[in-house]
2 protein chains.
Amino acid sequence: MTAAEREQAVFTALADPTRRAVLRSIASGEAATATELAARLPVTRQAVAKHLALLEQARLVDPERVGRETRFQATPAPLEDAIAWMTAVGDQWDDRLAALARTVAED
Amino acid sequence: MTAAEREQAVFTALADPTRRAVLRSIASGEAATATELAARLPVTRQAVAKHLALLEQARLVDPERVGRETRFQATPAPLEDAIAWMTAVGDQWDDRLAALARTVAED
DNA sequence: GCAAAATGCAACCTAATGGTTGCGCAACCC
DNA sequence: GGGTTGCGCAACCATTAGGTTGCATTTTGC
């Protein structure tokens with residue numbers, strides 16, 4: 001998977017509110033299963049499972065099979081990429097502001 | 001618009017690659033119009049206009065009508081909200097790691 | 001005044017998305 | 001061994017999203 005694809009996967013994963021709730025839940029509590037998560041959310045287990053699959057694709061979550069259940073851990077490292085993208089855009093904007101300020105100062 | 005709605009708007013706005021390209025373009029260059037942006041992108045002006053409308057809804061961009069054209073400026077402040085969400089999730093994860101490390105240390 | 005350029009609005013199309021139900025299979029427990 | 005629990009897969013459904021074409025409107029420039 002290329003860097004661009006990973007970036008896209010992360011932003012896509014974060015776009016859905018249910019998915020953010022799932023990720024937040026896993027990150028805050030202990031590793032959880034799809035069934036446990038679905039109990040706290042207004043959707044079915046299968047819907048949660050789909051969201052987990054997407055989060056796993058974005059490497060934001062890591063499944064571990066233990067007995068008959070699959071527990072998911074949060075692996076938020078890819079969030080760094082997204083944060084980097086945003087700060088880069090923000091900095092570009094700041095640079096333009098700074099350049100504009102210099103131009104004004106020169107007048 | 002509530003905080004949750006603003007958060008949702010930002011994450012939604014960032015989810016589409018064309019929209020990210022538009023935002024990056026506006027943030028890096030000087031304020032641009034839909035027509036100018038469309039010239040550099042593989043989509044029509046109307047598609048760009050829709051993306052700009054969505055970015056504006058997320059307060060990531062600000063339109064200014066000058067004569068017959070509408071120039072858009074980047075206003076990346078809302079990105080802070082998204083970054084805050086991500087760092088919060090990441091920190092929760094770090095806290096769990098730290099707690100786990102303490103538990104292990106106590107053994 | 002009139003042609004050209006830029007925008008905005010509306011209708012429409014297609015594919016993707018988020019969700020559901022139903023079912024088969026593996027693992028646990030008594 | 002047999003019931004129960006948890007998962008995964010597949011089919012299906014409704015809505016949204018991204019994109020297009022077409023047209024009417026405003027502003028500019030000669």
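In what follows, every chain begins at residue 1, and chains take the letters A, B, ... in the order their sequences are listed. Remember, predicted model here, so these are calculated numbers, not experimental data.
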Taking atom CZ of Arg71(B) as the centre, report whether more than 12 heavy atoms of other residues, nucleotides or ligands fall under 6.0 Å from it.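 Yes, CZ of Arg71(B) has more than 12 neighbouring heavy atoms, counting only those of other groups under 6.0 Å.
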What string of B, S and - do you get for nucleotides 11-26 of chain C, 5' to 3', when a contact is any protein heavy atom under 4.0 Å? -------SBBBB----
Criterion side chain to side chain contact (heavy atoms under 4.5 Å, CB included) on Leu55(B) and Arg19(B), from CA distance to verdict: CA-CA 8 Å; Leu55(B) 288 169; Arg19(B) 219 139 48 209; 3.7 Å; yes
Between Leu52(A) and Ile26(A), is there a side-chain heavy-atom distance shorter than 4.5 Å?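 Yes, their side chains come closer than 4.5 Å.
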Give the intermediate values and the outcome of side chain to side chain contact (heavy atoms under 4.5 Å, CB included) for residues Glu7(B) and Asp81(B). CA-CA 7 Å; Glu7(B) 179 183 282; Asp81(B) 300 349; 5.5 Å; no
Rounded to the nearest Å, what distance is computed from the [atom1] atom of residue [X] to the [atom2] atom of nucleotide [N]?
X: Leu41(B); N: dG19(D); atom1: CG; atom2: C1'; answer: 13 Å
X: Arg71(B); N: dG8(C); atom1: CZ; atom2: P; answer: 13 Å
X: Leu37(B); N: dG8(C); atom1: CG; atom2: P; answer: 13 Å

Contacts of Val66(A) and Phe72(B) projected onto DNA chain C by closest heavy atom; the upstream (5') one is Phe72(B)
Show your reasoning for whether side chain to side chain contact (heavy atoms under 4.5 Å, CB included) applies to Thr12(A) and Asp16(B). CA-CA 8 Å; Thr12(A) 301; Asp16(B) 183 77; over 6 Å; no
Worked verdict on Thr33(B) versus Thr70(B) for side chain to side chain contact (heavy atoms under 4.5 Å, CB included): CA-CA 6 Å; Thr33(B) 67; Thr70(B) 305; 5.9 Å; no
